[in-house]
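Here the structure comes first, spelled out in C-alpha cells, and everything after it is commentary.
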Protein chains: 2
Amino acid sequence: MKTIKDIARLSGFSTGTVSRVINNHPDVNPETRRKIEEIIAETGFQPNANAKFLKQTISSTITVIVKGIQNSFFETILEEMQKAFKENGEEVTVVFLDEAENEVTAAKQICSTRKPRGLIFLGGNTKEFAKNFASITVPSVLVTVDASQLGFENLSSFTTDDISGAKEAVGYLIRSGHRKIGIVGGSLEETNGQLSTFRLQGAQEILSRHQIPFSFEENYAPCRFSLEDGYMAGRELLRKNPDITGIFALSDLIAIGVVRAARDEGKRVPEDLSVIGYDGIEYVRYSVPRIATVRQDAAQLAKRSVEDLLMRVSYTRAAVHEKIPYTVIAGESVIHPKN
Amino acid sequence: MKTIKDIARLSGFSTGTVSRVINNHPDVNPETRRKIEEIIAETGFQPNANAKFLKQTISSTITVIVKGIQNSFFETILEEMQKAFKENGEEVTVVFLDEAENEVTAAKQICSTRKPRGLIFLGGNTKEFAKNFASITVPSVLVTVDASQLGFENLSSFTTDDISGAKEAVGYLIRSGHRKIGIVGGSLEETNGQLSTFRLQGAQEILSRHQIPFSFEENYAPCRFSLEDGYMAGRELLRKNPDITGIFALSDLIAIGVVRAARDEGKRVPEDLSVIGYDGIEYVRYSVPRIATVRQDAAQLAKRSVEDLLMRVSYTRAAVHEKIPYTVIAGESVIHPKN
DNA sequence: TGACACGCTGTAAACGATTACATATATTAT
DNA sequence: ATAATATATGTAATCGTTTACAGCGTGTCA
C-alpha cells in the first residue's frame, strides 16, 4: 500500500503539501497541485482513513443505523434517505443490525470508529434509548419511534401518529359496515415496542367508541411483523372466530399473510373478508386484490429526518419531535360485508 | 473521550498491560485483568478503533457489500449469511450501495478503512470486476454472479445456473401446454449484467428447441427488476400481444407486477394467463394465486459463500466457482391454457 | 533600505492504540 | 547455590495522516 510519504517522495514535495492537496486546502500553488494530483492518479493512492480519522476529531460522514431489514417499509425509507442525502451532497454510511443487536451500543462503537457528524436510527427500542443514549453526543434522529418522552436534547424524532392512523384504519372498516372485527399483529407484552402498542391502542379506542365488542380472546391474534407470522396468526384467528368480516393487520406484511390465510380457510377477500393493513409498502399496490392500508409517508419521514439532522449538525438547534401525516389508502380488499 | 492511557493511570498499570487485557492476551495475571476490566467497565471506555486499525495490518471483521437493496432476494441471502457468520462466531459489517455506486471502488475504500480479513460481494457487475478487482488482495467471494471467467485467484463465486433454471421455468410452461409464450424483464443491452443475459439465453434456447416462435418484437418486454417496472412491462406485452398464454418473468418481483398487469388488462391468472417467476422470494408463497417460480437456494448460496470465505481467510486455498442447485416450485399461477 | 505582509512549502509533534523487546521476579532444575 | 526458565509487566517505536508553526523568497511601502 502506498502512503502519503511515497507520494511526497515521488512528487518531490513534502507530506504536508501532499496532505493539503488531498484535502483541497487553498494555499497550494496550482502548478504544485497539478503535479501532485497527477502522481496520486498514477499510483492510485488512497489515503488511509484510519490515520485520517485518528488525527481528526470528526469525520464528514453521517451514519444511518437500521434495525431489522426484514421490514420492507424500512427499505423504502432508507432509499428515500439516500436520495435526500445525495441531494445535499452528503456522504452516508448505512449499518444494518439484526433484531438481537443493541442499536445504542452499536452506535457508540460507530462513533468511536467513524466519528460521524450525525446519526440516524431507523427503528429502535425506547427502553434501550432511555438507558444508554446519554453517552451519545452527536446530533441524532430517531425515525418511526417517538423520542419526545425521552427528552434528550440531541435526539429528534419523526414518526407517524400510529394511534390516530390505527383509528382511521379500523374506522374505515366500521364505516364500510363491519361490526365483527379482528386484529392481527403485535403482542400484548409490549416487546415489539411502540409500534404495536400504539396501533393496538388506537384500534381498541375506536372500537370501544363505536361500542363494537372486542376481546383479546376472540378478536385478536398476536404475531410478529412478517409474512409467515401474519399468515399463521390469520389462520388462527379465522378459525377461532369464523364470523369476523373485517381484519385490521398491524402491518402490510401481516395483511398479505392474512389475505392468503383467508383464502386457505376458504374465504375470499374481499367478498367474505375485508382486510386493511398498515405502512403502505409497495406490494399492496400490486397484489390481487390491492390491499387497503394506512400509508406512512416514507418520503417525508426520510426527508424531514435528513433536513433536521443536517440543520442540527451545522447549527445549534433544539431537537424536534414531529408527526408526519399519513394517508388512508382505499383498496379492493375492503368492501361492505354481505350479511 | 477516555483513552487507554487514562485507564492505565487509573488502574496503576501500563498501557501495554491494559492493551493486553482488552485483547485477551493470555499472559496477564488474573487479578490484574480483573482490576483493569473493572476500571474499563466503570469508565465505559471504548478503544479507538482507528488507532487500532492504523496499527494493525488486518482486522478481524469480514465485510459484506450489497448492491441494490430493492432486491428482496438479496435480503434473504443476507439474512442467511448473518446466521452463518454468527454460527461461526464471526464479526460482520454490511455495507449497502445503491445501483449507481461502484462496488469495487467502494471495496477498496473499505479495505483501506476497515482492513477486513475477507470480502463478500452480493451482486455486482462483471465488467467492473474485470477492470478494477486486481487491486483487491483479501480473499473475496462474489455471490449470484459467476466470476470463473475472470480468473482472479482470490475471488470465488457462488451462483445458480441461471441458463438451466430459465430453461426449466420456460419448460414448465411448455409442458403445461403453452405455445404462446412471453418473457418480461432484463434488457437487450446487457447493462443488467449476467442475470438477465443468462436467464434470457436459457429461455430462448428452450423455446427454439421446441420450435416455439419467439421474437423480441412480439414476445418480449424488457424491464428492470422491480414491481413497478414489471407491471408496466407486463401491460405493454399483454397489449401488444394479447394472444400470449404464458409469461416467464425474469424475477419474482417482475412476476408479481405481471400478475397485477394481467388483472388490469382484464385477464385472470391463471385462468387466462399463466405466470412463472424466478428467485423464490417469500412473497410468492403468500400471494393469491401462489406464483410458480424457480427457487434459488438462498440459504445454501449464503452458507457456502461464508464457508468458503472463512476457509480461504485462514488457509491458502484456491478460489472456487460453484453452482448451487435450484428448485422449480409449482404454483397456482401456472395451469394448462384453455384453448 | 528596512520592515512587513503574503504566498507557498517544509518540519515535526500529535492522534491512540499495538507489540517487540527489555526487565523483574518467582520457580524449577542441576 | 547457580543457572535456566516461565510469568508478568513496563517501555518505547510504530502505524499514516493532519496541522500548528516556522522558514523563505518576493513584492510593497514608507
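What you see below is based on every heavy atom in this structure, not just the backbone, and it leaves out hydrogens, waters and symmetry mates. Just so we're clear, the structure is a prediction, and the values are computed from it rather than from any experiment.
- Along DNA chain D, the nucleotide nearest to B/Asn29 and the one nearest to A/Thr3 differ in position, and the one closer to the 5' end is contacted by B/Asn29.
- When the P atom of C/dA14 is taken as reference, atom CD1 of B/Ile4 falls 19 Å away, rounded to whole Å.
- No donor-acceptor pair under 3.5 Å is formed between the side chain of B/Arg317 and the backbone N or O of B/Met311.
- Distance alone, capped at 3.5 Å, is enough to place a donor-acceptor pair between the B/Asn154 side chain and the B/Val138 backbone.
- One interatomic measurement links the two molecules: CG of A/Asn48 to C1' of C/dC15, which rounds to 13 Å at whole-angstrom precision.
- Between A/Arg9 atom CZ and C/dT11 atom C1' there is a gap of 18 Å when expressed in whole angstrom units.
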Give me the distances for all protein-to-nucleotides 22-26 of chain C N/O pairs that come in under 3.5 Å?
none

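- When only modelled atom types and interatomic distance are considered, B/Asp146 and B/Thr159 share no side-chain donor-acceptor pair under 3.5 Å.
- In the region residues 30-38 of chain B, proximity to DNA chain C at under 4.0 angstrom, judged on heavy atoms, holds for none of the residues.
- Base engagement by A/Asp27 is indicated by at least one non-hydrogen atom pair under 4.0 Å involving a base atom.
- Counting heavy atoms of neighbouring residues, nucleotides and ligands inside a 6.0 Å radius, atom CD of B/Glu153 does not exceed 12 of them.
- There is no side-chain donor-acceptor pair under 3.5 Å between B/Glu103 and B/Asn125.
- Other residues, nucleotides and ligands place no more than 12 heavy atoms under 6.0 Å from the CD atom of B/Gln149.
- Summarising the geometry, the separation between CG on A/Leu54 and P on C/dG16 is reported as 7 Å, rounded to the nearest angstrom.
- B/Ala107 pairs by the side-chain contact (heavy atoms from CB on, under 4.5 Å) definition with B/Ile65, B/Leu119, B/Phe121, B/Ile136, not counting sequence neighbours.
- Not a single donor-acceptor pair under 3.5 Å links the side chain of B/Thr32 to the backbone N or O of B/Val28.
- Within residues 13-25 of chain B, the residues having any heavy atom under 4.0 Å from DNA chain D are, by residue number, B/Phe13, B/Ser14, B/Thr15, B/Gly16, B/Thr17, B/Arg20.
- Under a cut-off of 6.0 angstrom, the local environment of CD in A/Glu307 is crowded, with over 12 non-hydrogen atoms contributed by other residues, nucleotides or ligands.
- Under the side-chain contact (heavy atoms from CB on, under 4.5 Å) criterion, B/Leu10 pairs with B/Ile39, B/Thr43, sequence neighbours left out.
- Atom NZ of A/Lys323 has more than 12 neighbouring heavy atoms from other residues, nucleotides or ligands inside a 6.0 Å radius.
- Residues A/Thr144 and A/Phe74 are in side-chain contact: their nearest non-hydrogen atoms beyond the backbone lie under 4.5 Å apart.
- Nucleotides of DNA chain D that come within less than 4.0 Å of any heavy atom of chain B span, from the 5' end to the 3' end, D/dA8 to D/dG16.
- In this structure a side-chain-to-backbone donor-acceptor pair under 3.5 Å is missing from A/Asn23 to A/Arg20.
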